[in-house]
There are 2 protein chains.
Amino acid sequence: MDAKTLCLGALSRGDASGYEIKKAFEEGPLSHIHEASFGAIYPALTELERQGLVTGREMAQEKRPDKKVYALTEDGLRALHLALLAPPARDKTRSDFLFILFLGHRVAAPRLAELIDGRIAWYQDCLSRMEACDLSAGPPGETFVHGLGLAVYTAARDYLVAHRADLLAAVAEHDRLVAE
Amino acid sequence: MDAKTLCLGALSRGDASGYEIKKAFEEGPLSHIHEASFGAIYPALTELERQGLVTGREMAQEKRPDKKVYALTEDGLRALHLALLAPPARDKTRSDFLFILFLGHRVAAPRLAELIDGRIAWYQDCLSRMEACDLSAGPPGETFVHGLGLAVYTAARDYLVAHRADLLAAVAEHDRLVAE
DNA sequence: CATACATATAGCCGCCCGATATAAGGATGG
DNA sequence: CCATCCTTATATCGGGCGGCTATATGTATG
């Protein structure tokens, strides 16, 4: 999915500004689903407006800078539906955390412990916020993905908690053997 | 992690060619951990060799094109260790599948069913291959990440199987209400 | 025998990301 | 009370990357 399609998708949930679209991908309902940066969002919105797939209107605000709010047009909704019918690209994961863990025997055990504990805390925090969300009145797709996220993050958190000590012991042992 | 660090990490497991490094990220032990393309790998290896972090040697092959095999130098190992100590960037996920599911009420139920069934089959296949791998003799980090992957993919597969019918029914119902 | 895939390397171009820039307002600490 | 940092808001730029094309040899398939 390119940045324009991601913006169309975000706008299909309701009118939003570039800043709000970024927030949706960064910490909102679309986080952990796809990525969209300011460097991609603003040019995409400009191009979508030029193509007539969205319309933008200036909105004055008090105590905050004015913002430009975008809305999907009929053409934009059609373009989104077409994009959703295209075969999805395979998922792509870029995890420095997993990469470091994978090479964990090259990292001091205390540092590994710190990373794992940080990740456990991050999962706890995510899960708390997700469990605090009531999506029962939302569209079924959003509810489904929310539940899937809960299941996956719970499994990951539980695995880290259950195997944390084993990994640290194994890394310490591995270091000991290598030192011999 | 940039492409050079990813290559250093891959080479820390053993000497390899650019093609083999790509394979490690595409379908090998590093798949689902990070991404590395040919467009990034070959320039990275060239630069790493120029910086003295790796050395490359031509290797003739029978019935196959000759290949260039790279090996880490001492400097390269040091550079890798430094990179592993840097704070990891946050994980990034780009999933067209989740994006389409999230907007699932905009997709025909039969198409959604097809996508979910395809994803269930994909998880089954991944899990079978992962369960067939015996990593007990491998470095502890690799074993840990392998176990984490198993746990996460099992949870995801189980959730899709358990909630598949509910989602399709909810989407059909959502379509019915929208049509009224 | 033509086509497709695997193995192998390389380069190119467009897209994207992270950073910087600008600006107004609130929060925090000295 | 002021400096600094954060939030909100938009925009742009340069470097890195990905996907594609290119070339080449060998095997597999229809």
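Just so we're on the same page: letters track the sequence lines, and every chain starts at 1. What you see below is based on every heavy atom in this structure, not just the backbone, and it leaves out hydrogens, waters and symmetry mates.
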- prompt: Between dC17(D), dT7(C), dA9(D), which nucleotide has the shortest distance from any of its atoms to the side chain of Arg94(A)?
  reply: dC17(D)
query: Under a 4.0 Å N-O cut-off, is there an ion pair linking Glu114(B) with Arg111(B)?
result: yes
query: When we call it a touch if two heavy atoms are under 4.0 Å apart, what does Lys23(A) touch: a base, just sugar-phosphate, or nothing?
result: sugar-phosphate
Any Gln61(A) side-chain N or O less than 4.0 Å from OP1/OP2 of dA9(D): yes
message: What verdict does the salt bridge (Lys or Arg N to Asp or Glu O under 4.0 Å) test give for Glu20(B) and Lys67(B), after you've listed the backbone C-alpha separation in whole Å, the side-chain angles of each residue and the deciding distance to 0.1 Å?
response: CA-CA 10 Å; Glu20(B) 286 162 347; Lys67(B) 66 182 179 183; 2.8 Å; yes
message: I'd like to check Leu82(A) versus Arg78(A) (side-chain heavy atoms, cut-off strictly below 4.5 Å). Are they in contact?
response: no
- request: Establish, with yes or no, whether the OP1 or OP2 oxygen of dT10(D) is under 4.0 angstrom from a side-chain nitrogen or oxygen of Ser17(A).
  value: yes
task: Could you check whether Gly39(B) gets within reach of a base, just the sugar-phosphate, or nothing at all, counting any heavy atom under 4.0 Å?
output: base
query: Would Arg129(B) and Glu27(B) pass as an ion pair if we require N to O under 4.0 Å?
result: no
Contact nearer the 5' end of DNA chain C, comparing Pro43(B) with Glu27(B): Glu27(B)
task: Going 5' to 3' through nucleotides 21-27 of chain C, assign each nucleotide B (protein heavy atom under 4.0 Å from a base atom), S (under 4.0 Å only from sugar-phosphate atoms) or - (no protein heavy atom that close).
output: ----SS-
statement: Rounded to whole Å, NZ of Lys22(B) lies from C1' of dA6(C) at a distance of 14 Å
query: In whole angstroms, how far is the P atom of dA6(C) from the CD atom of Glu20(B)?
result: 16 Å
- prompt: Taking atom P of dC17(C) as reference, at what distance in whole Å does atom CG of Asp2(B) sit?
  reply: 17 Å
task: Consider the side chain of Ala40(A), meaning its heavy atoms from C-beta on, and name the nucleotide among dG18(D), dC16(C), dT10(D) that approaches it most closely.
output: dC16(C)
query: Hey, are Glu35(B) and Arg90(A) close enough for a salt bridge, meaning a charged N less than 4.0 Å from a carboxylate O?
result: yes
- request: Answer yes or no: does a side-chain N or O of Tyr19(A) lie under 4.0 Å from OP1 or OP2 of dT8(D)?
  value: yes
Nucleotide dG18(D), atom P - distance to OH of Tyr42(B) in whole Å: 15 Å
task: Measure from CZ on Phe25(A) to P on dC17(C) and round the result to the nearest Å.
output: 10 Å
Atom pair distance, as rounded to whole Å: CG in Leu45(B) and C1' in dT9(C): 11 Å
query: Once you round it to whole Å, what is the distance between C1' of dT12(D) and CD of Glu47(A)?
result: 16 Å
task: Give the ring-plane orientation class for Phe144(A) versus His163(B), where under 30° counts as parallel, over 60° as perpendicular and anything between as tilted.
output: perpendicular
message: I want to verify a distance call: between dA9(D), dA6(C), dC16(C), whose nearest atom is closest to the Lys67(A) side chain?
response: dA9(D)
message: Just to be sure I understand the rule, does Thr46(A) reach a base, reach only the sugar-phosphate, or reach nothing, if contact means heavy atoms closer than 4.0 Å?
response: nothing
- request: Please figure out whether Lys68(B) or Lys92(B) has its closest DNA chain C nucleotide nearer the 5' end.
  value: Lys68(B)
field: Distance, rounded to the nearest Å, where Ile21(B) contributes CD1 and dC17(D) contributes P
entry: 14 Å
- request: Return the set of residues passing side chain to side chain donor-acceptor pair (under 3.5 Å) with Arg57(A) (not counting sequence neighbours), or none when no residue passes.
  value: none
query: Does Asp91(A) pair with Arg119(B) as a salt bridge, N-O distance under 4.0 Å?
result: yes
